[in-house]
A.B. asks: 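The following block contains the structure, expressed as structure tokens.
Lettering of chains follows the sequences in order, A, B, ..., and the numbering in each one begins at 1. Side chains are part of it too, since the values below use all heavy atoms of this structure and drop only hydrogens, waters and symmetry mates.
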Amino acid sequence: MALDNVSFDLAAGEILCVVGESGSGKSVTASAIMGLLAPGLAVVAGEISLGGVVLRGDAWRALRGCRIGMVFQEPMTALNPLMRVGAQIAEMWRVHTDLGSEEIAARSLRALEEVGLPDPPGALRAYPHELSGGQRQRVMIAMALALEPEVLICDEPTTALDVTTQAQVLALIRAMQARRGTAVLFITHDFGVVAEIADRVAVMQRGVIVEQGSAMEVLESPRHPYTRALLAAVPKLQAPPPRALSEERVLEIEGLVKTYGARGLLQRRQPVRALDDVSLVLRAGSTLGIVGESGSGKSTLARCVAGMLRADAGVIRIAGAPMPKGRRAAARLVQMVFQDPYASLNPRRRVGEQVAQGPMAMGMARAQAMAEARALFELVGLDAAAVTRFAHEFSGGQRQRIGIARALAMKPRVLVADEPVSALDVSVQAQVLALLRDLQARLGLSILFITHDLRVAAQICDEVAVMQRGAVVEQGRVGTVFSDPRHPYTRSLLASVPGRMVVGA
Amino acid sequence: MRALHAFLRNPVAVAGAVLLGAVVLMALVAPLVFPADPLGLAGRPLQWPGANPRFWLGTDPSGRDIAAQLFHGARISLLIGGVATLIAVVIGIVFGALAGFYGGVVDTVLMRVTEAFQTLPNFLLLLVLVAVFGSDLVTVVIAIGVVAWPPVARLTRAEFLTLRERDYVAACRMQGLSDAHLIFREVLPNALPPVIVYASVVMAVAILLESALAFLQLSDPNVPSWGNLIGLGRTVLRSEWYVSAIPGVAILLSILGVSLVGQGLNDALNPRLASR
Amino acid sequence: MKLLLLALRRLAASLPALVLILVGLFLLLQLAPGDTVDALMAQMGGGDAAIAADLRRFYGLDLSVAARLGAYLWRLVTLDLGFSAIYGKPVASVILERLPATLLLMMGALFFAFSFGMALGVVAARRVNQWPDTLISTLGLIFYATPSFWFGLMAIVLFSVYLQWLPAGGFGDVAMGYTGWAAIWDTATYLVLPVLTLALIFLAIALRIMRASMLEVQGMDFVRTARAKGLSETRIVARHVLRNALLPMVTLIGLQAGTMLGGSVVVESVFTLPGLGRLAYESVVQRDLNTLLGIVFVSALLVIAVNFVVDLLYARLDPRIVG
């Protein structure tokens, strides 16, 4: 059962946030209201009514788009790639009204103007791939609101967006809703977003609404233990008091440059500077956070340090010596924890083998390597007997633990963590962060921590470097940078963190 | 184990396995049921099926037993289908794996060769190979294998291209493991299921190519091949059409069996797509 | 302009493959036992060694392999395909005589397979796992498993021998001296069975691809968006699903063009059509290597041309390619 006895009301002109972790049934709820449940799912009991009329069958289809609009999570795939944006918006009037083409064209243009796209006439002629993710989401909003529906359903509309774009899109939804008196059902996993936008909140856990109330009530005095746990798991933007840092420089990056593109005779693509003269220092036993939005070059930096990419210029020194070229030698120095727990383990091999194979390639005997793997499993909070299992038998958080064990098995000098918690639910995320902190304290790990999430950075990093378009624009102790940002970009990043004034402030 | 279970519960797969099993059985019992040379003179030519209880599928224009040729032909079809498929799959995997894993110049060179083979109509190339190297059984099998590998290479390359970017492959690289380990232990096992499924298509193509070659009387004339018999039947098509008709049904059912088994394998190995 | 540039780039990329084919085949043919002169001598009923040597010198067969390869490639650049000793005229004109039948056959089969494959694939996908889907998919499997030459023979038995609706082979009745529409109609009757025979397996492949592609596109996010917009199912399929689902079909044409040309060898032989495929078969039997190489060259050019058109078509359908 995906949903169990879910009931709520949505009044005109209010924003109701349905919040929960993955598997809570929040997205199923949205689909059920649209009458767009995936095949295999059916409403077995209960009813949904709009304006006092119960929604049923064919009449439902006529209501969709017209009286209920919907915005989806993934702006990159939500628009038809082969159809111009203008034609996709115009379809709303074409199907639901009898307006003439000229009137429709005029209204399409006005709809795009209203959502604040930079060049509305150009956007009408554009194909979706010519727009950025944030722009596409604006198009989706324009389309969903085209016929001035009474209800707008937003299913995680900003989750796939960068934090500054997210702030803009949230503001847009707020403004449009206020202007038109639309009732908004907003599905999200992020309490920060809830704080930013909600009038009322419903918290879902495993298909059940466990708590419902005004935003103020739920955020400030949650009654249900699950709500309390979720809120407590949200990392605070305020950094803990600074620790004393060692003087030893375990990783030094000097003048790193990496340029992509500009290849081939007839291909004329603008070369992209992914890294532009980046210099950084990671101190032994500390965590250096690299924060920035997509395209800032933070992942390129991680891949260069991990030896997966070769930089065009600059040096990377580990413990004073330049990075060796050989794979074997580098393996002892740098290891990495990856972002996607579902892609970072080979589905066809036992997880213990995958942890033990590195030391074995270095010449360790199999029995000893397996014994160490078992010990590492216990160290990262897993059952030692789990080494014989396969990846699909573990949850996302457990897989990240295995990934950490695999990296630690090589006893590296530097651990690169590339967005290691961004694919995890907030409660699991808190556990993995706690594990990393605990391991650092026990093993003296030096961690280069890549993240887009400033809250996570505030909690785990000693120092932080802010990147924008391949360059480091500001760096320093995380408490200092976050409480007293110097660079305008850092300021705009911090200002965009949703719910910074309410949740975990 | 789970895949086998899924396979056996799928009616399509079971139907294919039954058809293919029947052809295999025919091939196995051929020397027992028809111990005499199937290409030797057996009786009066052109007797209709059922006319003479000794030849329940009749005789061909040379007075040979059609049923005997059918049973012995099953051995040839399976042999050619199996061995040629093996050759094509091995060449294809080697080309595709190297091109997909290493990329760059290796990829460009290997893919140009693959393109060259794909630009050339495969039956035309087969004709040229048979014309040059003769048409004994071994040559025909190798020639079919050489003609049929490019799609396997493309498929393997595509799989390698996506799989080599997986984080677990990067993790192994960082653990200091060799390219051989990466290719054989990490990437290939994950790339193999779609290739195995595609092997059924290659086998169907191989059987069709051989029968077409034999039909044109360009395959080995010294072995009883279904295509050959169809070609012989052409001369008497207007009156004794059964000579061509019967072996054609045999080819159709074998290929149907191979295709269904392939489809069953696909459903079993790629459960995500099974609902399609 | 961008489109043309893209297409030209793809065209240029196919040149290495073409050169590889020609060099590879030329070297391969050097391994062949017996050359054109041997075949010619056999046809003349034998002759002495001196005549053979003279003939070899005449055809340039006495030079070194490298020299002959160089000369051959250079002649190809100037579009001179050489001289067919068997037919007693330039290879180019032999091929040109045979080209129309093959082109008609191919285009007919392509059109039939593509349009019916698309229609059947759409119906099957719309009724997935219901009886129309089961019926169409089963038919597709059977078509796929049917050897084309056998289907052709059985079609001759049924339509030409028993029903006597259509001619059993050949390419137009010259003796009747038809002109205008009558001639076209006459040619068409000769083409019906060969086109169907050649198209059969491609129809099976096309309908399978179209069905799978439709099912995949139907599950995509933008189709969910279209539903959320309140569009009718018909409009969703017609305006959103179909065009996206067609992309793999277009790719398919390019991939299958070569296979189809190969298939024409068998089909033309079954229906005694005077086309390129039968010419290839005849020149293998007669060891007319010049003609065989010429056919291979022209076939490769045809395949490259088809792929050029496919690239343009694809870029027209998918704005992401050019942008």
Side-chain angles (χ1 to χ4, degrees), chain B residues 12 108 111-134 147 151 154 204-205 207-209 211-213 215-218 226-227 230-231 233-234 237-239 241 244-245 247-249 251-260 263 273 275-276, chain C residues 13-14 16-21 24-25 28-29 31-33 128-129 141-142 144-151 153-154 156-157 160-161 168 201 211-212 215-216 255 257-266 269-270 277 280-281 283-285 287 289 292-293 295-296 299-300 302-304 307:
Chain B
V12 169
T108 310
M111 279 303 111
R112 286 284 178 264
V113 176
T114 312
E115 253 168 52
F117 272 84
Q118 274 196 315
T119 307
L120 210 56
N122 58 6
F123 196 71
L124 218 49
L125 178 58
L126 188 59
L127 284 187
V128 173
L129 289 176
V130 170
V132 172
F133 295 107
V147 161
R154 284 194 171 277
V205 168
I207 294 177
L208 278 175
L209 282 177
S211 64
L213 208 56
F215 168 74
L216 294 176
Q217 313 296 324
L218 290 175
W226 293 338
I230 298 178
R234 251 182 111 174
L237 189 66
R238 286 176 181 273
S239 41
W241 50 267
S244 291
V249 173
I251 299 176
L252 198 158
L253 291 180
S254 324
I255 293 175
L256 198 58
V258 171
S259 302
L260 291 175
Q263 201 174 319
L273 305 174
S275 55
R276 289 198 184 159
Chain C
S14 56
L18 188 62
V19 173
L20 265 175
I21 290 171
L25 277 178
L28 195 64
L29 289 186
L31 301 173
V128 66
N129 294 334
L141 274 169
I142 291 174
Y144 185 80
T146 309
S148 62
F149 53 92
W150 179 76
F151 179 84
L153 291 181
M154 294 302 113
I156 289 175
V157 170
S160 306
V161 178
I201 190 161
R211 176 180 178 273
L215 288 179
E216 183 170 344
L255 283 176
T259 320
M260 205 167 230
L261 260 178
S264 69
V265 174
V266 176
S269 153
V270 169
Y281 171 61
S283 41
V284 169
V285 175
R287 298 218 160 277
L289 301 190
L292 191 58
L293 264 182
I295 293 169
V296 168
S299 307
L302 265 180
V303 172
I304 290 172
N307 276 289

A.B. asks: Heavy-atom distance under 4.5 Å to chain B: side chain of C/Leu302, backbone, both or neither?
C.D. replies: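 No part of C/Leu302 comes within 4.5 Å of chain B.
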A.B. asks: Grab the two heavy atoms, one from B/Leu208 and one from C/Tyr144, that are nearest each other, plus how far apart they are.
C.D. replies: CD1-O, 4.2 Å
A.B. asks: Check whether any side-chain heavy atom of B/Leu218 sits under 4.5 Å from a side-chain heavy atom of C/Tyr281, and report yes or no.
C.D. replies: yes
A.B. asks: Looking only at non-hydrogen atoms, find the nearest pair between B/Ile251 and C/Pro147 and report the distance.
C.D. replies: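 Heavy atoms of B/Ile251 and C/Pro147 come nearest at CG2-CG, 3.4 Å.
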A.B. asks: Select, from C/Ser160, C/Ser14, C/Gly262, the one with the greatest count of heavy-atom pairs under 4.5 Å involving chain B.
C.D. replies: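 Ranked by contacts with chain B, first place is C/Gly262.
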A.B. asks: Who among C/Leu141, C/Ile201, C/Val19, C/Thr259 has the most heavy-atom pairs with chain B under 4.5 Å?
C.D. replies: C/Leu141
A.B. asks: Between B/Ile230, B/Leu213, B/Asn122, which shows the greatest number of heavy-atom pairs under 4.5 Å with chain C?
C.D. replies: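 Counting heavy-atom pairs under 4.5 Å, the top option is B/Ile230.
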A.B. asks: Can you say whether B/Ile207 sits under 4.5 Å from chain C via the side chain, the backbone, both, or neither, judging by heavy atoms?
C.D. replies: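 Neither part.
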A.B. asks: Please classify the contact between B/Ala245 and chain C as side chain, backbone, both or neither, with a heavy-atom cut-off of under 4.5 Å.
C.D. replies: both
A.B. asks: Below 4.5 Å from any heavy atom of chain C, which atoms of B/Val249 appear? Answer side chain, backbone, both or neither.
C.D. replies: both
A.B. asks: For B/Pro121 and C/Leu261, work out which heavy atoms get closest and say how close.
C.D. replies: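 What the structure gives for the nearest pair is CG-CB, 3.7 Å.
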A.B. asks: For chain C, find which of B/Gly227, B/Gly134, B/Gly248 contributes the most heavy-atom pairs closer than 4.5 angstrom.
C.D. replies: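 Top count of heavy-atom pairs under 4.5 Å with chain C: B/Gly248.
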A.B. asks: How long is the straight-line distance from CG of B/Leu125 back to CG of C/Leu28, given to the nearest 0.5 Å?
C.D. replies: 7.5 Å
A.B. asks: Please identify, among C/Ala17, C/Gly24, C/Ser299, C/Ala257, the residue contributing the most non-hydrogen atom pairs under 4.5 Å to chain B.
C.D. replies: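 Heavy-atom pairs under 4.5 Å are most numerous for C/Ala17.
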A.B. asks: Quick one: what part of B/Gln217 sits under 4.5 Å from any heavy atom of chain C, side chain, backbone, both or neither?
C.D. replies: neither
A.B. asks: Is it the backbone or the side chain of C/Leu153 that comes under 4.5 Å from a heavy atom of chain B, or both, or neither?
C.D. replies: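 When you check distances to chain B, atoms from both the backbone and side chain of C/Leu153 fall under 4.5 Å.
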A.B. asks: So if I apply the side-chain contact (heavy atoms from CB on, under 4.5 Å) rule between C/Leu25 and each of B/Leu124, B/Leu120, B/Val132, B/Leu129, which one comes out positive?
C.D. replies: B/Leu120
A.B. asks: B/Thr119 versus C/Leu18: any side-chain heavy-atom pair under 4.5 Å?
C.D. replies: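 B/Thr119 vs C/Leu18: side chains apart.
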A.B. asks: Considering non-hydrogen atoms only, spot the tightest contact between B/Leu256 and C/Ala145 and give its length.
C.D. replies: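 Taking every non-hydrogen atom into account, N-CB, 3.6 Å.
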A.B. asks: Could you tell me whether a side-chain N or O of C/Trp150 sits under 3.5 Å from a main-chain N or O of B/Ser244, the two making a donor and an acceptor?
C.D. replies: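 Yes, C/Trp150 side chain to B/Ser244 backbone: donor-acceptor pair under 3.5 Å.
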A.B. asks: Answer yes or no: is there a side-chain heavy-atom contact under 4.5 Å between B/Leu216 and C/Val265?
C.D. replies: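 Result yes, sub-4.5 Å side-chain heavy-atom pair found.
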A.B. asks: Non-hydrogen atoms of chain C under 4.5 Å away: do they reach the side chain of B/Val130, the backbone, both or neither?
C.D. replies: neither
A.B. asks: Could you look at B/Leu253 and say if it's the side chain, the backbone, both or neither that has a heavy atom under 4.5 Å from chain C?
C.D. replies: neither
A.B. asks: Determine whether B/Phe215 and C/Val270 make a side-chain contact, defined as any pair of heavy atoms from C-beta on separated by less than 4.5 Å.
C.D. replies: yes
A.B. asks: How long is the gap from CG on C/Asn307 to CD on B/Glu115, to the nearest 0.5 Å?
C.D. replies: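 Going from the CG atom of C/Asn307 to the CD atom of B/Glu115 covers 9.0 Å.
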A.B. asks: Where does C/Leu293 contact chain B at under 4.5 Å (heavy atoms): side chain, backbone, both or neither?
C.D. replies: neither
A.B. asks: Search all heavy atoms of C/Ala13 against all heavy atoms of B/Arg112 and return the closest pair with its distance.
C.D. replies: O-CZ, 3.7 Å
A.B. asks: At their closest point, which heavy atom of B/Arg234 faces which heavy atom of C/Ser269, and how far apart are they?
C.D. replies: NH2-O, 2.8 Å
